[in-house]
Each structure stands twice: as C-alpha cells, then as structure tokens.
Amino acid sequence: MKVVIKNWHAIAQWRWDTGSNDPDDADGEGDVCGICRVPYEGCCPSCKMPGDDCPLSALGECSHVFHMHCLLQWIGTAASKQQCPMDRRQWVTAERKVDSTRS
Amino acid sequence: MATTALTAQIVLKWQNSFARLNRGQPGISGLLSFSEAWSIATAFLRPRDLADTTPSEHNMQDVRASFDILSRSKMLPMLLENFLEDMRKQLYLITRDINTMMSQYENTGDPQYIASLVYRLVEWFQAWSPIPELGYTVISAYKLAFQTHVFSVLPPSFSSGFKDLIASTFTLSYSTSPPSWTMGPSSSEVKTPPVRPDIPLWTAYDTLGLLDRYESLISSVCYEHIEAHVLETCTGKWGEPMLAPLREWMADKVVPWMIMPYARGARTAAEAQSMLQSVGSRFDFHVCKTLSDLRTREIFDIIIDYPDSLSALQDLKECLQRVDQRTQLVATLRKANKRRLLHPGADTKDILTQYVSIIRCLRIVDPPGVLLFKVADPIRRYLRERADTIRCIVASLVGDGESGDSLVDENEPIQPLQQMQVEDYTDPNWEPEPIDAGPDFRTNRPSDVISTLVSIYDSKDLFVKELQVLLAQRLLAITDGNYERERRNIEILKIRFGEAALQVCEVMLRDMTDSKRIDQHVQSHESLVLHPTIISRHFWPPLQTSKFIMPGQFKQIQDNYAKEFTAFKPDKRLHWLPHLGTISLEITLQDRTVSAEVPPLAAAFIELFSEKDTWTVDELVNKIGSIDRSSALKALATWVDLGVLKEDDNSQYKLLETADASGSGSRTAAPRPANIMEDAPAVLTVQQQQAEQMKVYWKVLHRGNAHKPRVTEFGPDTDDAEDCSGYDRTIEQLGAFMEAARREGLVTVKDGVWKLNRQ
C-alpha cells in the first residue's frame with residue numbers, strides 16, 4: 001500500500017523563539033512580558049497586532065525578554081538607568097543563540 | 001231635600017248646557033241640528049271591519065259641517081271618547097289578523113309575513129284614522145290608542161321577525177327586481193315603482209310608530225350587518241388596506257340605507273347629513289372596532305406574515321387611534337406568544353425571527369413603542385434563559401449562509417449599537433411618554449433591531465466572545481483561502497460593536513492573510529503539499545488540544561515546513577495542532593486506488609498500516625500518542641467505511657490489499673461500534689470554555705477538604721471561594737458549577753450547604 005498526500009490543510013500556532021523556552025511546553029500558557037504582563041505572543045498595550053508588528057526584544061544577557069516596545073519605553077525613561085526592570089542589571093543585549101542553530 | 005239654592009244651581013247648569021248645544025238658535029232647532037251632526041260624525045268615525053266591503057258613503061261636506069257644529073258645541077272630547085270606545089270594541093278584528101299572520105310567520109320563519117302584517121296594520125290604521133280636520137289632539141290620541149293596542153297584542157316572536165325583515169332590507173334596497181311582497185297594497189295604485197323597493201316598508205313602519213319603538217333593534221341589525229360584512233371581507237386578507245374600502249362601502253351602501261330609519265323627513269341633503277352625523281359616527285366607530293377586534297385576534301399570524309401583511313398593520317394602527325383596544329392587543333399578543341412561541345418546542349431561531357417581526361410590526365402600529373415594550377418583555381426574559389440565544393443572534397448577524405433569511409434587513413443602514421438614551425428635555429420636539437406607558441417604560445425610539453436584540457443581555461461582551469468562536473470555526477474550515485465573506489462580516493460588525501471590541505477578530509483575519517503569504521513564500525522555496533493556517537494563539541478562542549505525533553511521511557513534511565518557516569521568520573517557531581485540519585489522500589492498493597479527504601488522525605492511522613497490515617486499536621493508540629479511544633475508533637471507522645480496513649474479531653484491524661470478496665467492503669462491517677459521535681468542533685464553545693475554567697476551582701474544594709478533614713462544608717455565601725486568588729466568578733456561576741458537580745455525584749447538597757461526597 002502506498003499513501004500519497006495530495007493536499008494537507010493543517011493548523012499551527014506560532015511561538016516566539018526565545019531560546020530558553022522548553023520546546024515541549026506545548027500547551028503551557030507561555031511566559032508573559034515582565035513589563036506589561038501580556039503574553040509574549042500577545043501584543044504590548046500600544047499595539048493592536050501581534051507578531052511581526054509587535055516583536056520581542058532581543059534576549060538580554062540577564063536572560064530576560066520583553067516586548068520590544070515595552071522595553072524601549074522603559075529604557076527611554078530616565079528612571080530606568082538603562083537597567084533591566086527585572087533584576088536591575090545593566091541591560092545588554094545577548095548574542096542570538098537561534099542564529100547559530102539555524103543554517 | 002233640595003234647597004232652593006241647589007235647585008237654582010241645577011237650573012243654571014241645565015240652561016248653560018242647553019245654550020251651548022243650541023248655540024243661540026231659535027227654539028230647539030240648534031239642539032236638533034246638533035243631534036243630527038252627532039249621529040253623522042259618529043257614523044263616519046265608526047271603525048269598520050276591513051272585510052266589510054259595503055261602501056260607506058259619506059258626504060264629506062255634511063261630515064265637515066257636523067264636525068264644525070260639534071266643535072262649536074265643545075263636544076269634541078265627548079266625540080273622541082265615544083270614538084275610542086267604539087274602536088276598543090272593534091279591536092278584536094286587528095287582533096285576529098295579527099294572530100293569523102304571526103302564526104304563519106312562526107310556521108315558516110319567512111319575514112315576508114311580517115311585511116304583510118305591517119302592511120295590513122297600516123291598512124287598518126288608515127281605515128280608522130279620523131280626518132285631519134279634527135285636529136292634532138284627536139289624531140295623536142287615536143294613534144296612541146291604536147299603537148298601544150297593537151304593541152300589546154304583538155307576540156314576542158314579532159321582534160325577531162321584525163329584525164329579520166329589517167335585515168332583509170339591506171339586500172332589498174339594492175335589488176332591482178324586488179319580490180312582490182315588498183310592495184304595499186297601495187303600490188298597485190302607484191304606477192311608477194319607487195326608486196328603492198324598501199321605501200314602502202319604511203313608510204309603513206313610520207306610520208305605525210315601529211321605528212321609535214324598535215330603534216335599538218334597528219341599530220343592532222345594522223351593527224350585525226356591519227360585523228358580518230367586515231368579517232366576510234377582511235378575515236385573513238392582510239395584503240391590502242381594508243379600512244378605506246370599508247368606509248367606502250359604508251358610504252355607498254349603508255348610509256343610503258340609514259337615511260330611511262334615521263333621516264326620514266329630511267328635505268335637503270344638508271339636513272339629512274346633520275341628522276345622520278351622530279348615528280353615522282357611531283357606525284363608523286363600530287366598523288373600526290370590529291376591524292380592530294378581528295386584527296387583534298389575528299395578530300400573531302399577521303406578524304408571521306410580515307411584511308406581506310403591512311396593510312393590515314396600517315389598518316390596525318388607524319383603528320386603534322379611534323378605538324381604544326391597545327390593552328386587548330397587548331393581552332392577546334402576549335397570550336399568543338406564550339402559547340405558540342415561548343415553549344420548548346420552538347427553535348430559538350424561530351423565536352428570534354418572530355421577535356424581530358414583532359418589533360417591526362408593532363413599530364408600525366405604535367411608533368412610540370409602548371405596545372412593543374409591553375409585548376417584548378416576556379419574550380426577552382424567555383430568550384435570556386435560553387442557552388443558545390447568543391449563538392443564534394451572532395449566527396444571524398454574520399449571515400448564516402444556507403438558512404438565507406437573516407434577521408437583519410439588508411436595506412437597514414448599519415448603525416453602531418445604541419445605548420440607552422437619557423431623555424433630552426431641551427429637545428423642542430420632545431413629547432411626553434404615551435399615557436399607557438408603564439413606569440419602567442424606556443423610550444428607545446430610534447434603536448434598530450440589532451441593538452434591541454443585543455440589549456436582551458446586559459453586556460455585549462458575550463456577543464463578541466460568541467462571535468469569536470463562530471469566526472474561528474469558519475476560518476479554520478476554510479481551505480481555499482477565500483474568506484472575503486468573513487472579512488466583510490467583520491467590517492459590518494465593527495460598525496455595530498466598535499473597532500475595539502472586534503480587535504481580536506481583526507487579528508484572526510490577519511493571521512489568515514499572513515498564513516497565505518508565508519505559505520506562498522515557503523512553497524517558492526520548497527514545494528510541499530502542506531498548507532497550514534498559522535494562528536496567533538492568544539487571539540483565537542481556545543482550541544481543542546490533543547497530543548499525538550503524526551507518523552512517517554507526515555512528520556517529515558511537518559518538519560520540512562517548520563524548517564522553511566523558521567528560515568523565513570528566524571525568531572518564530574511553529575507549533576502544530578496535529579488533530580486539526582484535513583488531509584486529502586490517495587491510497588494505492590493492489591487492485592484499486594482510494595481517494596479520501598480525512599481528518600489528520602485517520603491519515604496517521606492509515607500511514608501506520610503501510611508499516612504492517614494488522615494492528616490492534618491499543619497498538620495504534622500507543623504508537624500515535626495520547627488520544628482517547630473513542631476518537632481512535634472513529635478514525636478507523638472512516639477507513640472501514642471506505643473499504644480499506646476490515647475489523648477482525650478481538651478489535652484487530654486489517655488492511656485490505658485486495659477488495660473484500662465477501663460483498664462490498666463498505667457494508668460488511670457490522671453496525672459500527674457505538675462511537676459515532678457528532679464531529680466535535682475544533683473550537684471550544686463559550687460554555688465549554690467556562691466549564692474548563694471552572695475546573696480549576698475544583699482543586700480549591702479539595703484543598704478545603706484537606707484543611708478541614710472532618711466536615712467539608714461550603715455554603716454558597718461563605719468566603720471560601722475567595723481562597724482562590726483571581727477568583728472572578730459570580731455566585732450564579734459557582735452555583736451552576738456546584739450543581740454540575742452534584743449531578744456527577746461529587747458533592748451532596750443539604751440545606752444550602754455542599755458537602756464533598758466521600759466514599
């Protein structure tokens with residue numbers, strides 16, 4: 001017997017690749033942005049569309065991730081002193097791990 | 001012993017009388033002429049039997065002269081008394097006639113005998129009538145005596161006979177060839193027949209004073225005539241305005257008839273008009289009342305027929321302005337709704353459709369909406385209790401495709417939902433609420449149908465949620481990438497519910513577009529048969545989850561696609577929802593090929609069969625991952641039906657490389673195991689979502705159990721529920737949850753306190 005697939009309409013969800021995510025965390029609620037408390041796959045309060053329109057910030061060296069817009073707004077305020085809002089360490093963007101796994 | 005004074009008095013009296021009778025004539029010649037005049041007059045006036053045909057010859061000159069003499073002698077009262085006495089003696093003749101004719105009528109029931117009776121009475125009346133020279137007093141005394149007698153003799157059956165006769169005059173007054181009995185005896189002398197055949201009858205009634213005596217009877221005949229006509233012409237005819245034709249009919253047919261009983265003796269048209277005015281308006285009122293009664297009885301069906309019954313509604317509106325039947329209308333409609341609409345047998349969709357029709361119809365009848373408010377209240381309360389009301393409303397909002405008739409009128413402008421308006425008293429056109437408005441009546445005059453429907457519920461969030469579920473179901477079912485209809489619907493609904501409320505739907509639609517674009521990109525790099533819809537999970541309603549892994553080539557394709565996707569969007573990964581979607585397959589067997597479009601689970605199974613020919617259900621389930629047995633059986637049944645697999649004993653399935661020889665493979669399989677469930681929709685309904693969410697709180701109950709091992713009691717109003725941070729359910733929801741738990745035997749309830757059921 002031979003099974004030939006002619007057409008396959010499937011449903012999939014997209015997830016941000018934060019690198020730290022456990023790939024088996026299939027139906028976990030997912031992490032939330034530490035600033036706006038909205039899930040990463042949601043969108044920050046100033047956005048309406050999730051995904052590419054409201055991306056995540058790059059991973060910080062402290063391994064924290066936020067919505068890009070949330071982080072920029074935070075960094076932009078004087079009180080932030082350029083620190084990560086979670087642990088008060090200087091915010092430094094880490095090298096992307098994903099890039100190395102790809103290609 | 002007579003005194004002299006007395007004697008003198010008597011003498012004086014005598015002389016006075018003598019002088020009066022003798023009228024100052026010489027000797028007693030005056031007395032003689034008086035006595036002659038008396039005998040002529042009494043002979044003339046004597047009531048004769050009509051049957052007595054001997055001609056009575058009177059020299060009218062002599063008669064008049066005698067009356068003159070009597071009048072001068074002031075003896076007319078005596079004459080009248082004498083005459084009436086004579087008449088009384090002769091009355092038995094009339095009684096005899098009446099009895100004969102009435103018995104004829106009673107035997108046949110034919111009103112023409114009444115007519116003959118009337119004419120006969122007229123003959124008697126005229127034959128006995130004194131000449132007009134005797135003056136009004138005599139005539140009226142005669143008339144009174146005659147009528148008193150006639151009325152006292154007429155049997156009770158006369159009234160009904162008379163009524164029939166009057167009723168027959170309606171048709172009579174237009175007939176061109178009237179039956180001969182309508183002609184009075186006098187008509188033989190009249191050469192030209194009267195303009196209307198009923199005129200002689202009316203004249204006769206008038207002569208006998210029947211009109212005054214039976215006035216109420218005559219008007220009741222007219223009422224009945226009107227009622228019969230209205231019922232006959234208007235019942236069930238809702239397509240055309242009836243009130244105007246009815247009024248025309250009144251003017252054409254009834255008014256001319258009315259002239260006879262109500263405007264006799266009117267000399268000019270204007271005079272007749274003024275005489276008819278009051279009675280005419282009474283009859284017009286009756287027309288309106290009959291029509292509005294009729295329409296009130298029919299109102300439920302009229303509403304069903306809307307908009308074909310528009311004219312009937314306008315008639316009703318006009319009638320209600322004249323007749324105060326509004327409360328009856330409300331009562332009737334409420335009763336009809338309760339009996340025919342608000343019962344478990346009626347579809348929610350039908351109830352909604354009828355409700356919308358009621359809204360539209362009562363707007364026509366009563367623009368301020370008081371009637372609607374009163375009628376709608378029970379319907380709204382009932383709808384609120386139905387579980388699927390919101391779903392129905394939402395389904396009709398987005399146009400349910402097949403069913404066709406949407407609740408929303410296409411022509412109606414799309415408006416934003418209207419909130420309750422506070423009355424604006426500075427509005428120069430402000431009008432007070434109608435007089436019969438209840439205390440809780442709210443003027444929501446200009447609101448459209450959808451706003452009214454949505455306002456059944458307190459918040460529109462429920463609608464948005466339901467809408468999201470519905471949209472998700474539809475979008476996920478779309479395989480050809482054509483979702484223009486959904487986009488259009490969402491655009492329309494945005495106008496109604498506002499952009500913000502539908503933001504989620506907007507994201508769902510964009511996911512569809514993005515998926516298409518991504519797919520095009522991926523396909524350009526590596527042509528794959530897989531075309532996924534990639535969704536943003538927080539913006540879709542919760543989907544049914546299951547974990548299984550597609551085997552063999554399916555897994556391969558998924559992985560390939562995921563790789564291409566990540567290459568295109570480096571910061572994103574794909575997470576497959578393996579049980580959703582459809583796969584179109586072609587299976588090449590030794591002797592045949594089978595094409596099928598199946599759910600992924602079925603595809604996964606058949607893929608496994610390419611590894612080996614025989615599997616048990618448990619083996620399959622273990623291989624695939626975590627799926628429940630019933631859905632596994634269902635997926636296998638798909639292939640059994642297609643004749644690809646065969647169910648052996650002990651729940652083994654075998655691949656049929658060659659078609660089953662023992663008859664068509666599709667039917668050998670004995671009745672399918674009882675697993676044929678309705679296709680579980682991919683999207684959880686709002687209720688299911690809520691139930692899922694409530695399950696969390698089940699843990700709280702058990703925690704309570706741990707805290708208080710001896711008695712575990714939760715009253716609905718204790719604060720235990722607040723143990724759980726973020727608890728945001730209402731008491732009602734908690735109650736429903738506990739009730740569900742009780743049904744499953746997990747808790748018992750006693751005196752409003754729930755107890756864990758520990759066995």
Side-chain angles (χ1 to χ4, degrees), chain A residues 1-33 36-59 65 67-68 93-94 96-103, chain B residues 476 478-479 503 506-507 510-511 514-515 528-540 543 545 547 552-554 557-558 561-562 565-567 569-578 580-590 595 597 600 603 606-607 609-610 613 644 655 657 682:
Chain A
M1 184 193 67
K2 198 167 154 244
V3 176
V4 180
I5 308 168
K6 289 197 295 193
N7 189 19
W8 182 1
H9 175 236
I11 314 288
Q13 293 170 341
W14 60 266
R15 303 280 168 89
W16 290 118
D17 188 353
T18 54
S20 60
N21 260 10
D22 179 6
D24 292 331
D25 177 26
D27 54 10
E29 282 302 298
D31 282 336
V32 295
C33 165
C36 67
R37 312 294 297 168
V38 172
Y40 289 144
E41 280 84 9
C43 50
C44 76
S46 53
C47 282
K48 286 191 169 157
M49 289 293 173
D52 297 344
D53 291 349
C54 183
L56 288 191
S57 69
L59 193 67
V65 179
H67 288 131
M68 175 93 85
T93 305
R96 284 199 78 104
K97 277 191 290 177
V98 270
D99 282 15
S100 56
T101 58
R102 206 165 55 85
S103 77
Chain B
L476 291 185
I478 288 174
T479 51
Q503 180 55 35
E506 192 61 21
V507 173
R510 215 202 46 168
D511 280 346
D514 283 355
S515 305
L528 292 168
V529 287
L530 177 57
H531 304 282
T533 299
I534 302 166
I535 62 175
S536 308
R537 57 176 176 154
H538 295 291
F539 295 82
W540 288 66
L543 301 174
T545 51
K547 291 180 208 154
Q553 52 171 329
F554 292 101
I557 294 171
Q558 276 182 339
Y561 200 99
F565 176 77
T566 313
K569 304 263 178 195
D571 49 357
K572 286 185 192 166
R573 282 178 292 123
L574 278 185
H575 174 75
W576 298 99
L577 299 172
L580 298 180
T582 49
I583 302 177
S584 155
L585 290 176
E586 197 170 81
I587 296 162
T588 319
L589 295 159
Q590 274 173 13
S595 297
E597 199 171 305
I606 204 68
E607 177 71 10
F609 275 93
S610 62
D613 281 355
V644 176
L655 180 70
E657 272 292 353

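So you know, we letter chains A, B, ... as the sequences are listed, proteins then strands, and number each from 1. Keep in mind it's a predicted model, so treat the numbers as computed, not measured. As a basis for the values below, the full set of heavy atoms in this structure was taken, side chains included, without hydrogen atoms, waters or symmetry mates.
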Can you say whether B:F609 sits under 4.5 Å from chain A via the side chain, the backbone, both, or neither, judging by heavy atoms? both

Rounded to the nearest 0.5 angstrom, the CD1-CG distance for A:I11 and B:L476 is 4.5 Å

Which value, rounded to the nearest 0.5 Å, describes the distance between B:L585 atom CG and A:K6 atom NZ? 8.5 Å

Please look at B:E506 and chain A and tell me whether the side chain, the backbone, both or neither of the residue comes under 4.5 angstrom of a heavy atom of that chain. both

Please find the pair of heavy atoms, one from A:C43 and one from B:F539, that lie closest to each other, and give the distance. SG-CZ, 3.8 Å

Might you point out which heavy atoms bring B:K572 and A:G51 nearest each other, and give the distance in Å? NZ-CA, 4.1 Å

Please report the closest heavy-atom contact between B:H538 and A:P39, naming both atoms and the distance. NE2-CB, 3.2 Å

Just say parallel, tilted or perpendicular for the rings of B:W576 and A:W8, cut-offs at 30° and 60°. parallel

Side chains of B:I557 and A:I5, heavy atoms from C-beta outward: is any pair under 4.5 Å? yes

How many angstroms lie between atom CG of B:L574 and atom CD of A:Q13, to the nearest 0.5 angstrom? 10.0 Å

Heavy-atom pairs under 4.5 Å with chain B: which of A:P50, A:P55, A:G42 has the most? A:P50

Is the backbone of A:R15 close enough, under 3.5 Å, to the side chain of B:R537 for a donor and an acceptor to pair up by distance? no

For B:V529 versus A:N7, what's the shortest heavy-atom pair and its separation? O-OD1, 3.3 Å

Does the gap between the ring centers of B:F565 and A:W14 come in under 6.0 Å? no

What part of B:S595 is in contact with chain A, defined as an atom under 4.5 angstrom from a non-hydrogen atom: side chain, backbone, both or neither? side chain

With only heavy atoms counted, which part of B:E586 is less than 4.5 Å from chain A, the side chain, the backbone, both or neither? both

A:H9 side, atom NE2; B:L530 side, atom CG - distance, nearest 0.5 Å: 9.5 Å

Hey, is the main chain of A:K48 close enough, under 3.5 Å, to the side chain of B:Q503 for a donor-acceptor pair? yes

Heavy-atom pairs under 4.5 Å with chain A - which of B:S536, B:A603, B:P578 has more of them than the others? B:S536

B:L589, B:D514, B:I606: which one forms the most heavy-atom pairs within less than 4.5 Å of chain A? B:I606

